[in-house]
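As structure tokens, the structure follows; a few thoughts come after it.
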Amino acid sequence: MAEENMTLVTGFVLTGLTDLPGLQVPLFLVFLVIYLTTMAGNLGLIFLIWKDPHLHTPMYSFLGSLAFADACSSSSVTPKMFINFLSKNHVIPLFDCLTQFYFLGSSATTECFLLVVMAYDRYAAICNPLLYSVVMSNRLCIQFIGISYFIGFLHSAIHVGLLFRLTFCRTNVIHYFYCEILQLFKISCTDSTLNTLLVFIFSAFIQASTFMTIMVSYTCVLFAILKKKSEKGRRKAFSTCSAHLLSVSLFYGTLFFMYVRPGSGPSEDHNKIYSLFYTIIIPLLNPFLYSLRNKEVISALRRIMKK
């Protein structure tokens, strides 16, 4: 599939993080530890929330859904990385490539809307505590989670569907460690201007609208916290919201640099670092950010371990 060859591509070659042979095994071991820790953290948090009745609240339902999205995000990319680290065959079939992007894209979009819902949940709990149980009913909670996942699947499906209008006949080499959509546009022999424009418009709209909603919610929460007379209440609210805001900052920061910055943006090496953050590092950090300083989660873990 040389550059001059007009045969349609049915598979791609992922070059990975680096082509240095001496780094393949060490990187495999590093990312294996990261992946196992990510799965243990996220699936462990889901199990804990499911098992402990004290955590059967809207906030922890949203947190469990976020943990599931993080597990899907990491699992869509990391297993193929393992194969590429230990094998000389870096080929990924076209269908597998599109499937990988679909699940990664849907997980990322779902996470955007779950973070909005979590911010609204904190707003309702802190700004209107007396009406919280009425406002955040179980039915509404399920609807919020369902809508978040539906939008995620739909958004990703639109971009995957539009990929079918492209043909790949120049080269089958993707200089990346997974099937990232902008990298696919680069090797298309069909004009991908429409696809690129739609990715930018959708990404900018989703990220801007969800981020602004989150910021407005937490601004209201901040003012409500400052009005609290109880020092203990202020500490607990700050602890919960600071974990949320740190997660939001990391997630939106990397997505912004990946998909919203203009074409004169960062180099490919920088793009790989941003991608590593939102596909591997953030799913690793999230369960610990939300649980290490959370007394309810720690207490639930102790109760489970005593049984």
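Side chains are part of it too, since the values below use all heavy atoms of this structure and drop only hydrogens, waters and symmetry mates.
- Looking only at distances, no side-chain donor or acceptor of N84 sits under 3.5 Å from a matching main-chain atom of F177.
- Using modelled atom types, one finds a donor on one side chain and an acceptor on the other under 3.5 Å when comparing D121 with Y132.
- Taking a 6.0 Å sphere around CG of D96, one finds it holds more than 12 heavy atoms contributed by other residues, nucleotides or ligands.
- Counting only distance, with no hydrogens or angles, the side chain of T109 and the backbone of S106 share no donor-acceptor pair below 3.5 Å.
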| message | For H244 and Y290: C-alpha separation, side-chain torsions, deciding distance, then whether ring pair (Phe, Tyr, Trp, His ring centres under 6.0 Å) applies. | response | CA-CA 7 Å; H244 289 201; Y290 286 112; 5.0 Å; yes
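- Side-chain atoms of T190 come within 3.5 Å of backbone N or O of T167 as a donor-acceptor pair.
- Between Y178 and Y176, the angle of the ring planes goes over 60°, which puts this pair in the perpendicular group of the 30/60° scheme.
- Side-chain N or O atoms of H54 include none that pairs as donor or acceptor with a backbone N or O of A300 at under 3.5 Å.
- For F85, the CZ atom is densely surrounded, since the number of other residues' heavy atoms within 6.0 Å is greater than 12.
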| task | Report the C-alpha separation of T38 and S74 in whole Å, then their side-chain angles, then the decisive distance to 0.1 Å, and conclude whether the side-chain hydrogen bond (donor to acceptor under 3.5 Å, both in side chains) test is met. | result | CA-CA 8 Å; T38 300; S74 185; 4.6 Å; no
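- Here the side chain of Q183 pairs no donor or acceptor atom with the backbone of I174 at under 3.5 angstrom.
- Residues I206 and F113 meet the side-chain proximity criterion, which asks for heavy atoms closer than 4.5 Å.
- Remark: the backbone N or O of L250 is paired with a side-chain donor or acceptor of T254 at under 3.5 angstrom.
- Dense packing is recorded around CZ of F31, with more than 12 heavy atoms of other residues, nucleotides or ligands lying under 6.0 Å away.
- With K272 contributing its side chain and G16 its backbone, the two residues share a donor-acceptor pair below 3.5 Å.
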